[in-house]
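One structure is given here, and the rest of the page talks about it.
Below, chain A is the first sequence line, B the second, and so on; all start at residue 1.
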Amino acid sequence: MEQVTDRHLAAFHDALGAWFEAHRRPMPWREADETGVRNPYRVWVSEVMLQQTRVDTAVPYFERFMEAFPTPEALASADQDAVLKRWEGLGYYSRARNLHRAAQQIVAEHGGAFPADEDAVRALPGVGPYTAAAVLSLAFGQPLAVLDGNVIRVLARVFAVEQDSRAPVTRKALQDLATGLLDRERPARFNESVMELGATVCTPRSPACAVCPLATVCAARAGGDPEAFPVVSKRKPVPHQTVAVALITDGDGRLLIQRRPEDAMLGGLWEFPGGKVEPSETAPEACAREVAEELSLSVDVGPEVARVDHAYSHFTVTLHAFRCTLSPEAPPAGTSGEPVSASGEPVQWVRPDQLDDFAFPRANRKILDAIQAASRQPSLF
DNA sequence: AAAACGTGGTC
DNA sequence: TGACCAAGTTT
């Protein structure tokens with residue numbers, strides 16, 4: 001790895017800074033007030049949304065979120081269901097749950113004002129080293145260098161970092177590099193300019209080196225193969241799972257949904273009952289078994305009305321969705337015939353027109369879309 | 001340290 | 001199309 005030189009400092013502060021001022025993309029959270037100050041709450045919400053998420057994806061979510069929860073107080077006093085509904089489709093839902101809890105912490109411990117102290121910011125749930133540095137530099141002008149995927153890529157290329165960029169020891173070296181390069185007079189411009197360069201010029205594939213303000217100091221470009229950096233270790237192959245889903249209707253055409261535990265994947269979202277198909281059973285068998293185990297409910301499993309493939313971050317699934325009706329026979333011994341969640345989570349019968357009021361995982365939305373597309377009858381149930 | 005944690009865009 | 005990856009954090 002090369003060392004930081006005055007040429008590097010000049011390139012990152014002057015050439016890159018000038019480039020950024022000419023190419024800075026407007027974003028809603030970048031707007032400042034009359035005194036040129038950004039709202040820390042808005043910056044914070046945007047940074048959490050931007051974790052592992054592209055700007056274009058985050059923008060509409062940000063607008064809708066700020067409309068519903070314009071202040072920490074508004075977010076703190078909202079129901080978690082309302083917060084998750086605004087987050088529906090954005091993924092990594094612990095971000096929304098943590099944001100909600102953090103807002104309550106800001107109200108309880110900081111009088112509703114986003115703290116400007118690094119330790120206090122880091123104490124907020126869902127705020128790690130990146131987000132703390134981002135909010136404190138962008139909204140408060142504090143001299144902290146951010147290290148995100150963009151910065152890693154830019155620095156790994158400029159300094160030809162051969163080590164695995166995902167290894168903690170490499171991350172620390174890159175963080176030190178970023179801190180050493182930081183323009184302490186203009187930390188906000190520095191951080192945003194490196195990230196903006198990484199997002200629009202120094203891209204993972206086909207970087208636009210011809211227009212890059214750092215090209216003159218870039219070791220990877222000098223080496224002829226900038227795409228060789230950053231060096232990343234291979235990830236594990238993802239397993240596949242088969243899941244049976246029960247679309248249970250009652251006599252009034254309502255559907256049964258249940259809320260997922262907060263500490264689980266997709267925690268706090270609503271879904272149709274179901275579960276994993278074991279190797280020893282068929283999908284319809286698994287459907288009936290899961291409903292009996294989870295809800296103490298006896299159902300007749302009807303036709304498969306949708307089949308959905310979905311990719312999560314660490315596994316893939318095929319969902320088999322079956323139309324189910326309550327069994328006319330007597331309910332299982334010791335049960336009332338009303339659904340009761342074995343895990344203690346809320347369960348609810350809902351009319352089809354009420355489904356949009358609940359936050360569902362994408363895979364469950366795909367099931368609904370498949371049914372409606374196939375039947376052309378939204379009132380199928 | 002390594003795995004868990006969503007979704008959509010891209011080639 | 002499957003694999004990679006995106007303004008990361010938590011356990």
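- B:dA4 atom C1' lies 16 Å from atom OH of A:Tyr93, rounded to whole Å.
- Listed nucleotides: B:dA1, C:dG8, C:dC5. Nearest to the side chain of A:Pro168: B:dA1.
- Residue A:Thr131 places at least one side-chain N or O closer than 4.0 Å to OP1 or OP2 of C:dT9.
- Using a 4.0 Å cut-off, some side-chain N or O of A:His310 falls inside it from OP1 or OP2 of B:dT7.
- Residue A:Arg122 is out of contact with every strand shown, counting any heavy-atom pair closer than 4.0 Å.
- Using a 4.0 Å cut-off, no side-chain N or O of A:Arg205 falls inside it from OP1 or OP2 of B:dT10.
- Here A:Leu266 lies in heavy-atom contact (under 4.0 Å) with sugar-phosphate atoms only.
- Using a 4.0 Å cut-off, no side-chain N or O of A:His314 falls inside it from OP1 or OP2 of B:dA3.
- To the nearest angstrom, C1' of C:dG8 lies 14 Å from CG of A:Leu99.
- Residue A:Arg95 places none of its side-chain N or O atoms closer than 4.0 Å to OP1 or OP2 of C:dT10.
- Between A:Phe315 and A:Tyr312, the ring centre distance stays below 6.0 Å.
- With C:dA6, C:dT10, B:dA1 as the choices, the nucleotide that has an atom nearest any side-chain atom of A:Asn98 turns out to be C:dT10.
- No cation-pi contact links A:Arg362 to A:Phe360, judged by a cut-off of 6.0 Å to the six-membered ring centre and 45° from its axis.
- Around CD of A:Glu118, the count of heavy atoms belonging to other residues, nucleotides or ligands within 6.0 Å does not exceed 12.
- Residues A:Val169 and A:Leu269 both approach DNA chain B. Their nearest nucleotides, taken by heavy-atom distance, put A:Val169 toward the 5′ side.
- Heavy-atom distances to DNA chain B give each of A:Tyr61 and A:Asp263 a nearest nucleotide, and the one nearer the 5′ end belongs to A:Asp263.
- Contact annotation for A:Gly89: backbone-only contact, meaning every heavy-atom pair under 4.0 Å involves sugar-phosphate atoms and none involves a base.
- Candidate nucleotides B:dC5, C:dA7, B:dG8 were compared by shortest atom distance to the side chain of A:Met265, and B:dC5 ranks first.
- Backbone-only engagement by A:Val127 is indicated by non-hydrogen atom pairs under 4.0 Å involving sugar-phosphate atoms exclusively.
- In this structure, A:Arg54 reaches the bases: a heavy-atom distance under 4.0 Å links it to at least one base atom across the strands shown.
- For the pair A:Leu90 CG and B:dG8 P, the interatomic distance rounds to 10 Å; values are reported in whole Å.
- Proximity of a side-chain donor or acceptor of A:His100 to a complementary backbone N or O of A:Ala78 within less than 3.5 Å is detected.
- Counting to the nearest Å, the C1' atom of C:dG2 and the OH atom of A:Tyr312 are 19 Å from each other.
- Separation of the C1' atoms belonging to C:dA7 and B:dA3 is 22 Å when rounded to the nearest angstrom.
- On the C1' atoms, B:dA1 is 15 Å away from C:dT9, given to the nearest whole Å.
- One can place CZ of A:Arg260 at 13 Å from C1' of B:dA4, the figure rounded to the nearest angstrom.
- When distances are taken from the side chain of A:Lys236 to each of B:dA3, C:dC5, B:dG6, the shortest belongs to B:dA3.
- Looking at heavy-atom distances under 4.0 Å, A:Arg30 makes contact with a base.
- Note: A:Phe358 and A:Trp270 have perpendicular aromatic rings, judged against thresholds of 30 and 60 degrees for the angle between ring planes.
- Other residues, nucleotides and ligands contribute at most 12 non-hydrogen atoms within 6.0 Å of the CD atom of A:Glu185.
- Only the P atoms considered, B:dG8 is 24 Å distant from C:dT10, to the nearest whole Å.
- Residue A:Trp29 places its side chain closer to C:dA7 than to any other of C:dA7, B:dC5, C:dA6.
- A donor and an acceptor atom sit less than 3.5 Å apart, one in the side chain of A:Tyr92 and one in the base of B:dG6.
- Using a 4.0 Å heavy-atom cutoff across all strands shown, A:Thr53 reaches at least one base atom of the nucleic acid.
- Residue A:Gln51 places its side chain closer to C:dT9 than to any other of C:dA6, C:dT9, C:dA7.
- In this entry the distance linking CD of A:Glu196 with P of C:dA7 reads 10 Å, nearest Å.
- Side-chain nitrogen and oxygen atoms of A:Arg166 include at least one within less than 4.0 Å of the OP1 or OP2 phosphate oxygen of C:dC5.
- The CZ atom of A:Arg101 sits 15 Å away from the P atom of C:dT9 (whole-angstrom rounding).
- Per the geometry, CD belonging to A:Glu262 stands 16 Å off P belonging to C:dT10, to the nearest Å.
- Using bins of under 30°, 30° to 60° and over 60° for the plane-to-plane angle, the ring pair A:His8/A:Phe159 lands in the tilted bin.
- For B:dA1, the OP1/OP2 oxygens have no side-chain nitrogen or oxygen of A:Arg171 closer than 4.0 Å.
- Considering all non-hydrogen atoms of both residues, A:Gly267 and A:Arg97 come closest at O-NH1, 2.9 Å.
- Counting any heavy atom pair closer than 4.0 Å across all strands shown, A:Ala311 reaches a base atom.
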